[in-house]
Participant: 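Here it is: the structure, laid out below.
If you read the sequence from its start, that first residue is 1, and numbering goes on from there.
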Amino acid sequence: MRSTEPGARVALEFGRAMQALHARTGGDAACAAIVGRLATHAWRAADAGHVCVDVADAAEREALARSPLVGPSGDPRPLVLDCGALYLHRLWRAETALAQSVRALDVAAPLPGCDDPARVVAEVFGRSDAGDPQQRAVACALQRRLTVLSGGPGTGKTTTLARLVVAFARAAPQARIAYAAPTGKAAARLAQSLGAQLAALDPSRALRARLPAAGQTVHRLLGARTDGHAGAPMPLDEDLVIVDEASMLDIELASRLLESIGPTARLVLAGDRDQLASVEAGAVFADLCAAPLDGVVVLERNYRQQDAPDIAALAAAIRARADGARADGARGAAAAANASAAAAAGAPIDWPPTIALAAPDASAIVDEALHAWRDALDAVAAGAGAQQVLAAYDRHRVLAAMREGPLGVDSLNAAIAMRVRGRALGPGNPGWYAGRLAMVTKNEPGLGLFNGDVGVCLPHAGGDACDNDLVVAFDGPAGLRLFPVLQMPACQDAWALTVHKSQGSEFESVALVPAPAGHPLATRELVYTGVTRARRRLSVWGSREAVEQAALRPTQRHGRLAERLAGA
C-alpha cells in the first residue's frame, strides 16, 4: 500500500497554494480558508482513489462557487464544482470525457462484410446457443463498438476472447487487432493465454500469422499517439482493441484509452467487476458493468467449480455478503431490489471444510510456503532447467493484504528469503543467489521487462557459480529469457506479494493473509481477489471474523461516472 504521509503533505501544500492563489486572483478573503481546506480534501481523496468529494454544506458550496479557482465555466481552473461535488480539474475532465466516449461507443455497428454474424459465432463455438453468455459476448463484439465482459476466474473469459479473435479475424481478414492490459505482466499473460487457446481453435495456423504475437501495456499502446501541443490522444490504427484486467484501469487512463479508439474501431474491456479497483482514482470497470449499456455481458458459470468447489463457494459467499452493503451506492442499485441477495448479505459465511483457516503466525506461514516449494528448491539444488523451477514455484504463493508489519509482505519476504538463502546453491551476493524468486518493480521496455514480471535467479549453464554467472530467468510467450543479474532493473523478493500485485495471476495454491478486522484494507474486494487467485488449494491465515467483516465492507469510490452514464 502506498504510504499516506507523503501524499498528505502534498495535499496540505496544494491546499495552501490554492488558498494563496485564491487571494492573489481577487477571490473573496472570507472564502480563502474554505477553498484551501476543501482543495486539500479533494487532493487527499484523489490519492485515496476517489474521483471527487461531496460538498454537503450549502455555505461551502457557495464559497467555492465564488472562487476564481473553481470552474467549470471559462478557462480551465484547478478545481471544478459540479452538482455539489468538488473535483481536481484533471479528474473532472477525465470523468466527463470518459462518459462522453462511452456513450459514443455504446452503439450498434455491424461489421462490414459480415452479413451473418450468428453463423460466424456458431462456427467458432461449434454450436448455436443464443442464451449462452459467451456466444452473446462474441456476437456483441461483432455488432457493437463497445463490449464490456465481466467474469470471475474459471468463467471462461479467455476462452470467450479467443473465440472472439477467431471470429473477428474470419469475418474481417484485413482487420488489425491489438491485445493490451494495464500492466506488462497482465499483457504478457493475456497473449500467452490466448495463444494457448488459439492453438486448438486454429490448428492450421492460418489465422495466427495475422494476429499479434504479444500483448502490450495500455500505456505503451497509447504512448506514441499524443498530440504534443494539446495532449489529445490520436486515433489508434487498430480495428479491434482487447483490454484484459480492465478493473485495473483508473479514470484517467480509461478516458485516454476510449478517446483513442478510432471512428470505426471496436473496444472490448474484459475483467472481473468484483475484483479490486485501480490503485489510482476511479472504479471504472465496476461502474461500466453497472451502467445501462447494451454491450455489457456477465459470465457467471464457473467451469472450474468441479476442481475447487469450496473456493468457488467461498468467493460466492463473499460476493453475497457485500451485495446488501453496497446497495446504497449507484453501483449497487440493482442489488437493493434483490431480496435474496440482501438476505445472504446478513447471513454468516458457511466456511467450506477443505479451506484451512488458521490464526496468523508468520513462522507457520513461512513453513507452509517452504513445504509447498520443496520441489522447486530441490530442482534448484539439482541444477534443473529454469522452466521447471519457475513452474514449481508458481504452484504456490503467499498473498498478504498489507505491506508493512509482522504479517506484511516485506517481513514475510525477508523471513522466507533468509531460509531459502541458507540452502542456496553456491555463492552469491546479498541481493542475488541461486533460487531467489524476484519481481521487477520498474518498467524497462528496452529489455522487455515490466513492473510485476517474476523471474528466478539461477547459475548460468556452464558457469563456475561465481556472482557474474548468475542469471535471472523469465518465461513468457516468446519462451525463456535470461538476464545477467548485473543487467537487472530494480527488483524485490516475490515469495510473498500484496493482493494488489497478484491481480491477473493464478496459482495452484495460495496462502492468504488478510488484514485484521477493522483495518482499512479489510475490504470485500481485497479478500475476494485474494481468494480467487487460488485454483485448487487455499489456506487463510486470519480470523473468520476478519474475513466476514471484510466481506461486508465493499470499497467505496466516490465519483459520478455511473450517474453520468445513467443520464443523471
Participant: Looking at E238 and R176, is any side-chain nitrogen of the basic one under 4.0 Å from a carboxylate oxygen of the acidic one?
Facilitator: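 Salt bridge: no.
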Participant: If you measure from the Lys or Arg side-chain nitrogens to the Asp or Glu carboxylate oxygens, is any gap between E123 and R119 under 4.0 Å?
Facilitator: yes
Participant: Is the closest side-chain heavy-atom distance between C289 and V148 below 4.5 Å?
Facilitator: yes
Participant: Is the closest basic N to carboxylate O distance between R93 and E259 below 4.0 Å?
Facilitator: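 Between E259 and R93 there is a salt bridge, with a charged N closer than 4.0 Å to a carboxylate O.
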Participant: Quick one: are R524 and R319 in side-chain contact, heavy atoms under 4.5 Å?
Facilitator: yes
Participant: Can you tell me which residue among L249, V241, V284, L149 is in a side chain to side chain contact (heavy atoms under 4.5 Å, CB included) with L269?
Facilitator: L249
Participant: For the CD atom on Q492, are there more than 12 heavy atoms of other groups (residues, nucleotides or ligands in this structure) within a distance under 6.0 Å?
Facilitator: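 Count over threshold, so yes.
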Participant: Would you indicate whether the side-chain heavy atoms of E280 and E252 approach each other to under 4.5 Å?
Facilitator: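 When only atoms from C-beta onward are counted, E280 and E252 do not touch, as no gap falls below 4.5 Å.
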Participant: Would you call D132-R127 a salt bridge at under 4.0 Å N-O?
Facilitator: yes
Participant: Whether R163 engages the ring of F125 as a cation-pi pair (distance to the six-membered ring centre under 6.0 angstrom, angle to the ring normal within 45°) should be assessed.
Facilitator: yes
Participant: Can you find a heavy atom in the side chain of L236 that is under 4.5 Å from one in the side chain of L222?
Facilitator: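 Yes. Closest side-chain heavy atoms under 4.5 Å.
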Participant: Relative to each other, are the rings of W495 and Y393 parallel, tilted or perpendicular (30° and 60° limits)?
Facilitator: perpendicular
Participant: Do V243 and L267 have side chains that get closer than 4.5 Å, going by heavy atoms?
Facilitator: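 Yes. Closest side-chain heavy atoms under 4.5 Å.
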Participant: Would you find a donor on one side and an acceptor on the other, under 3.5 Å apart, between the side chain of K442 and the backbone of P489?
Facilitator: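 Not at all, since once roles are kept as given, no pair shorter than 3.5 Å links the two residues.
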Participant: Measure the shortest side-chain to side-chain distance between L88 and F14 over non-hydrogen atoms and say whether it is less than 4.5 angstrom.
Facilitator: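 Yes, at least one pair of side-chain atoms sits under 4.5 Å.
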Participant: Check whether any side-chain heavy atom of L565 lies under 4.5 Å from a side-chain heavy atom of L288, and answer yes or no.
Facilitator: yes
Participant: Between R266 and D239 (salt bridge meaning N to carboxylate O under 4.0 Å), is one present in this structure?
Facilitator: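 No salt bridge links R266 with D239.
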Participant: Working to the nearest 0.5 angstrom, can you tell me the gap between L521 CG and R553 CZ?
Facilitator: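 L521 CG to R553 CZ: 9.0 Å, rounded to 0.5 Å.
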Participant: Tell me, do R481 and L447 make a side-chain contact under 4.5 Å, heavy atoms counted?
Facilitator: no
